[in-house]
Amino acid sequence: MSNSATLSARDRIENLVDANSFVEIGGLITKRNTDFNMQEKAVPADGVITGYGIIDSSLVYVYSQDVSAMGGSVGEMHAKKIASLYEMALKAGAPVIGLIDCAGVRVQEAVDALAGFGEIYMAKVKAAGVIPQISAILGSCGGGVAVSSRLSDITLMDAQHGQLFVNSPNAIDGNRVEKLDTAGAAFQAEAGNVDIVCQSEQEVLEKLRELVGLLPANAAVSAVEEPGDDLNRMLTGFDGYASDASAALTQIADDTKFIELKADYGREMVVGLMKLAGVTVGAVANSAEGVLSTSGCKKAEQFLYFCDSFGIPVITLTNVKGYSSALEEEKTIAQAVADMTYAFASADVPKINVITGEAYGSAYVAMNSKHVGADLVMALEKANVGVMDAAVAAKILCEDDIKGSDDVKQALEEKKKEFDALQAGADAAARRGYVDNIIEGDSVRKHLIYALQMFGMR
């Protein structure tokens, strides 16, 4: 692997796939347009290198836009090459990786170029949910190309050289790039348009290889390999990670490798991919805030549909006490939670829930509970499952008794304990069949593996 900060379009492919495995397709194709004396301009491969190669024994199809050939702009034949690559990838049942470095539409080709964008969009829509699509933004990705990148399943971005925008920062009313770089990785990641931000081009290519190893080749096969980690590995001190979802999932994952997606968007929710006993699983978890937010629910919803499309089992770590409370949230939160609930309830893949802390009210119900279709629900010994926090419930249920007491504080504590014993603990939910098993924190990984094996994922 090269250590160059910026590679050519061909070198990017060679650095991505296994050595000597890339086979180019359509290398002699170039423009047909002759308007504006275009016949006088050389555009090698029409600004995009297309072909297939191998990444750790997995077949992948790759296109890499060549910024040295008319800025890698999208023209008629450029687009046809990408659309044709998609047709081959669909027949082969293999992922498509796009290495994006593009000046946008080739203006000289006018409506032919626009038709090309439509061909790319259509090809990506036909491939959605059938083969994985990954975009890596290594340079400029603007206008219609930005729309194309969002039709992919996963988008990565080089924080140094990548630029993602529909309108450039200086074209936005009241903004200048010096004021706010809306095309930069930080802004786009916070907006939810980028799944993984890398600090260099080389890191992007390495992360792409890692993702190919995690994802199934297509929707008809499972992503399973021989596990390299101990299936009986105990998670010493796991209870201490309950409020840090990303750290908890990292501890659970094979070889402690968890790839978080959209980390800077909807931070109230954590989603990502990992291996568990060699099986690729999707993970959804509440963050330390313990609330459902609009952006967090949207993030989970999109991820759940992706997992369901590719037959990826879903595990959840539930630790939620309610909803984000803000004026703007009140406009959108109900619909966002409803959409996420629908995604959980409609997913046909195995769904396993571990309640790690609090699980209160309808927010808990929406988080992959038994009531909306979870196949197996486990809870840690310290978990609380109920309509609300015991202290709040005690005040509501026993307000008159507490007020009439000589010692209000003591009376409240007694009623709290009474409610806790009857309704709030995981035991109460287990007695009603809403929790299948109460487990110790250090055995979470082992129980999740048992559950996957029970569902035939091995």
Should [X] and [Y] count as side-chain neighbours, where that means a heavy-atom distance under 4.5 Å?
X: I333; Y: E328; value: no
X: I55; Y: I97; value: yes
X: V96; Y: V60; value: no
X: L7; Y: E14; value: no
X: L292; Y: M367; value: yes
X: C198; Y: M157; value: no
X: Q202; Y: N15; value: yes
X: C102; Y: V74; value: yes

Using the benzene-type ring in the case of Trp, are the ring centres of H371 and Y364 under 6.0 Å apart?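 Between Y364 and H371, which both carry aromatic rings, the centre distance is below 6.0 Å.
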
Tell me, which pairs form a salt bridge (Lys or Arg N to Asp or Glu O under 4.0 Å) where one or both residues lie in residues 442-454, sequence neighbours left out?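 For residues 442-454, and leaving out neighbouring residues, the salt bridge (Lys or Arg N to Asp or Glu O under 4.0 Å) pairs sorted by first residue read D229-R445, D254-R445.
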
Using a cut-off of 6.0 Å, state whether more than 12 heavy atoms not belonging to [X] lie near its atom [atom1].
X: M454; atom1: CE; result: yes
X: E330; atom1: CD; result: no
X: K275; atom1: NZ; result: yes
X: E190; atom1: CD; result: no

Side chain to side chain donor-acceptor pair (under 3.5 Å): pairs with one or both residues in [range], sequence neighbours excluded:
range: residues 332-351; answer: T294-T332, Q335-D339
range: residues 85-96; answer: Y86-Q133
range: residues 218-227; answer: none
range: residues 120-131; answer: K124-S152

Using the ring pair (Phe, Tyr, Trp, His ring centres under 6.0 Å) criterion, which residues pair with F306? Sequence neighbours excluded.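 For F306 the ring pair (Phe, Tyr, Trp, His ring centres under 6.0 Å) partners, ignoring immediate neighbours, are F310.
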
Over all heavy atoms of both residues, which pair between [X] and [Y] is shortest? Give the atoms and the distance, please.
X: S57; Y: D18; answer: N-OD2, 4.0 Å
X: V62; Y: L85; answer: O-CD2, 3.5 Å
X: L214; Y: A223; answer: O-CB, 3.3 Å
X: K262; Y: G192; answer: CE-O, 2.9 Å
X: A83; Y: A123; answer: CA-CB, 4.1 Å

Within this structure, what is the [atom1]-[atom2] distance for the pair [X] and [Y], rounded to the nearest 0.5 Å?
X: M269; Y: E301; atom1: CE; atom2: CD; result: 11.0 Å
X: H447; Y: E440; atom1: NE2; atom2: CD; result: 8.0 Å
X: L276; Y: L249; atom1: CG; atom2: CG; result: 10.0 Å
X: S135; Y: L208; atom1: OG; atom2: CG; result: 9.5 Å
X: L151; Y: I120; atom1: CG; atom2: CD1; result: 10.5 Å
X: S443; Y: N437; atom1: OG; atom2: CG; result: 8.5 Å

Could you go step by step and tell me if K80 and E119 meet the side chain to side chain contact (heavy atoms under 4.5 Å, CB included) rule? CA-CA 7 Å; K80 286 186 182 298; E119 288 189 50; 3.1 Å; yes

Check the side chains of [Y] and [X] for a donor-acceptor pair under 3.5 angstrom, ignoring hydrogens and angles.
X: N193; Y: Q188; answer: yes
X: S362; Y: Y323; answer: yes
X: T356; Y: N319; answer: no
X: E289; Y: S287; answer: yes
X: D11; Y: S8; answer: yes

Of [options], which meets side-chain contact (heavy atoms from CB on, under 4.5 Å) against [X]?
X: R12; options: V17, L138, I49, D66; value: L138
X: K370; options: V435, V377, D375; value: V377
X: V444; options: I449, I315, I439; value: I439

Measure up the Y61 and Y52 rings against each other and bin them: parallel (under 30°), tilted (30 to 60°), perpendicular (over 60°).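 Taking Y52 first and then Y61, their aromatic rings sit tilted (interplane angle of 30° to 60°).
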
Between Y241 and F238, how do the two ring planes meet: parallel, tilted or perpendicular, split at 30° and 60°?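 Tilted.
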
Worked verdict on S246 versus E260 for side chain to side chain donor-acceptor pair (under 3.5 Å): CA-CA 7 Å; S246 183; E260 186 173 355; 3.3 Å; yes

